[in-house]
**Student:** 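Before anything else, here's the structure in question.
To find a chain, count down the sequence lines: A is the first, B the second, and so on, and within it residues start at 1. Basis for what follows: all heavy atoms, side chains included, without hydrogens, waters or symmetry-related copies.
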Amino acid sequence: MGGAPYSFEIEIPRRYFDVGLSASSGQMFRWKQTANSEWVGANGKHWFRVRVLDGREAYRVESSGPPTVFQSLFRLDWDAADVTETLTRLGPELEPYLQAMPGLRLTRSGDAVETFFSFLCSANNHISRITGMVNHLAAYGPRLEVVDVIDLHRFPRVATLAKVEEAELREKGFGYRAATITQIARELESRGGEAYLRSLGAMPYERAQIELLGFKGIGRKLADCIALFGLDHTEAVPIDTHIWQAATRLYFPHWQGTALTDRKYEEASAFIRNRFGRLAGWAQQALFYENVVNWRTRK
DNA sequence: AGTAGACCTGGTCT
DNA sequence: AAGACCAGGTCTA
């Protein structure tokens, strides 16, 4: 299809920014590595194509958006060296996890709507299937571009998703989430849709969390994922099965092997948040993905 | 406040 | 190779 409106270089050491790792670590679900090992993906209304420049600590990016969009998406305005140093100082126990995941960054979605619906797909689910479901939802949006046979869509708006029928999603293999997703889409629209969602990003984390918990089908975990990955509340710490394992290993050994209850969720999440402040979400991401990659061998 | 089941589907393990 | 188990959980009883 037509050429990219924007083409630019991003110069940064790999240990501070690994696109593939950051794009495929469960924060976004619309990135793929092509046969010639480029990373192609979409977020909200933009698409991206990223290539590692041989022998250089740099990327060549083609995109529908200017460099600022890409930089914001991968939070390049945060200095990874600085973040890592601070996290290690505040929590020396994080060092092996950060070292194990060099170049993994906390991303910042440019589209709260996409993140909201992406994580609705994530409950009690595998990353591989979440990916398929999110791409099904994305297909309701207009096509932006085709890059290397990969269809890249603008993620649909709330009004579009609010019209989707439960049966339709069932047929696409959404299972019981077909019901919650369509119901929540309607509820979100009635609350003001995208503008409402964005307003949650402007309020304090605690208030946004309460708002999100008001949706039937959104519990603490999803609320925290949406807050962290979609609303830029970087102090949010979603506690899922992986973080629960890491948290009990590092901070609550007496809870190892026990079930995660509301109270324990609150305590573990707040502990990590208080320990790392606005960097807590970044710490969470390192702990999360390291555990995803290594949990099988660990047990 | 904590526990037990149910819930779609499909990867992974046995 | 068919069947159990489980996954970035949440709701209800």
**Student:** Does one side chain, of A:Tyr205 or A:Asp224, offer a donor that lies under 3.5 Å from an acceptor on the other?
**Tutor:** yes
**Student:** Measure from CD on A:Gln183 to P on C:dT10 and round the result to the nearest Å.
**Tutor:**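 Interatomic distance, CD of A:Gln183 to P of C:dT10: 16 Å.
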**Student:** With a 3.5 Å distance limit and no angle check, can you tell me whether A:Gln27 reaches the backbone of A:Thr107 through a side-chain donor-acceptor pair?
**Tutor:** yes
**Student:** Grab the CE-C1' distance between A:Met133 and C:dG8 for me, whole Å please.
**Tutor:**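 Taking CE of A:Met133 and C1' of C:dG8, I get 13 Å after rounding.
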**Student:** Whole angstrom is fine here: how far is it from CG in A:Leu260 over to P in B:dT3?
**Tutor:** 11 Å
**Student:** Could you tell me whether A:Ser25 contacts a base, only the sugar-phosphate backbone, or nothing, with contacts defined as non-hydrogen atoms closer than 4.0 Å?
**Tutor:**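 The residue A:Ser25 makes base contact.
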**Student:** Between B:dA4 and C:dG8, how far apart are the two P atoms, rounded to whole Å?
**Tutor:** 23 Å
**Student:** Work out how far the P atom of B:dC8 is from that of C:dA13, and round it to whole angstrom.
**Tutor:** 16 Å
**Student:** Who is the Watson-Crick or G-U wobble partner of B:dA4, with both distances under 3.5 Å?
**Tutor:** C:dT12
**Student:** Which nucleotide in the set C:dG8, C:dC11, B:dG2 lies at the smallest distance from any side-chain heavy atom of A:Lys216?
**Tutor:** C:dC11
**Student:** For A:Ile130 and C:dC6, give me the distance from atom CD1 to atom C1', rounded to whole Å.
**Tutor:**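 That distance rounds to 13 Å.
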**Student:** For C:dG8, does the base pair up with any side-chain atom of A:Gln284 as donor and acceptor (N or O, under 3.5 Å, distance only)?
**Tutor:** yes
**Student:** Using a 4.0 Å heavy-atom cut-off, does A:Ile218 contact any base of the nucleic acid, only the sugar-phosphate backbone, or nothing at all?
**Tutor:** sugar-phosphate
**Student:** Backbone N or O of A:Glu165 within a donor-acceptor pair of the A:Thr182 side chain at under 3.5 Å?
**Tutor:**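 Side chain of A:Thr182 to backbone of A:Glu165, a donor-acceptor pair under 3.5 Å: no, none is there.
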**Student:** Using a cut-off of 4.0 Å on non-hydrogen atoms, how would the nucleic acid contact of A:Gln27 be classed: base, sugar-phosphate, or nothing?
**Tutor:**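 The residue A:Gln27 makes base contact.
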**Student:** Could you check, using the six-membered ring where one of them is a Trp, whether A:Phe119 and A:Phe29 have ring centers closer than 6.0 angstrom?
**Tutor:**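 Yes, ring centres under 6.0 Å apart.
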**Student:** When the distance from CD of A:Gln209 to P of C:dT10 is rounded to whole Å, what number comes out?
**Tutor:** 10 Å
**Student:** CH2 of A:Trp295 versus P of C:dC5: gap in Å, rounded?
**Tutor:**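 Answer to the nearest Å: 14 Å.
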**Student:** Sticking with atom C1', work out how far C:dC5 lies from B:dG5, rounded to a whole angstrom.
**Tutor:** 16 Å
**Student:** Answer yes or no: is there a donor N or O on one side and an acceptor on the other, between the side chain of A:Arg105 and the main chain of A:Arg75, under 3.5 Å?
**Tutor:**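 Checked: pair present.
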**Student:** Would you mind building the protein contact string for nucleotides 7-14 of chain B? One character per nucleotide, 5' to 3', B for base within reach (heavy atoms under 4.0 Å), S for sugar-phosphate only, - for untouched.
**Tutor:** BBBB-SS-
**Student:** Calculate the interatomic distance between A:Leu213 atom CG and C:dC11 atom P; express it in whole Å.
**Tutor:**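 For the pair A:Leu213 CG and C:dC11 P, the rounded distance is 8 Å.
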**Student:** How is A:Tyr289 classified with respect to the nucleic acid when contacts are heavy atoms under 4.0 Å: base, sugar-phosphate, or nothing?
**Tutor:** nothing
**Student:** Could you tell me whether A:Leu222 contacts a base, only the sugar-phosphate backbone, or nothing, with contacts defined as non-hydrogen atoms closer than 4.0 Å?
**Tutor:** sugar-phosphate
**Student:** Would you kindly give the CD-to-P distance between A:Glu266 and B:dG2, to the nearest whole Å?
**Tutor:**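 After rounding, the reported distance stands at 12 Å.
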**Student:** Under 5.5 Å centre to centre and under 30° between planes: does that hold for A:Phe119 and the six-membered base ring of C:dG8?
**Tutor:** no
**Student:** Any carboxylate oxygen within less than 4.0 angstrom of a Lys/Arg side-chain nitrogen, looking at A:Glu145 and A:Arg49?
**Tutor:** no
**Student:** Check every strand shown and say whether A:Gly26 touches a base, only sugar-phosphate, or nothing at a heavy-atom separation below 4.0 Å.
**Tutor:** base
**Student:** Judged by atom type as modelled, is there a donor-acceptor pair below 3.5 Å linking the side chain of A:Thr248 to the main-chain atoms of A:Gln245?
**Tutor:**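 Yes; at least one donor-acceptor contact below 3.5 Å.
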**Student:** For the pair A:Glu290 (side chain) and A:Pro96 (backbone), establish whether a donor and an acceptor sit closer than 3.5 Å, ignoring hydrogens and angles.
**Tutor:** no
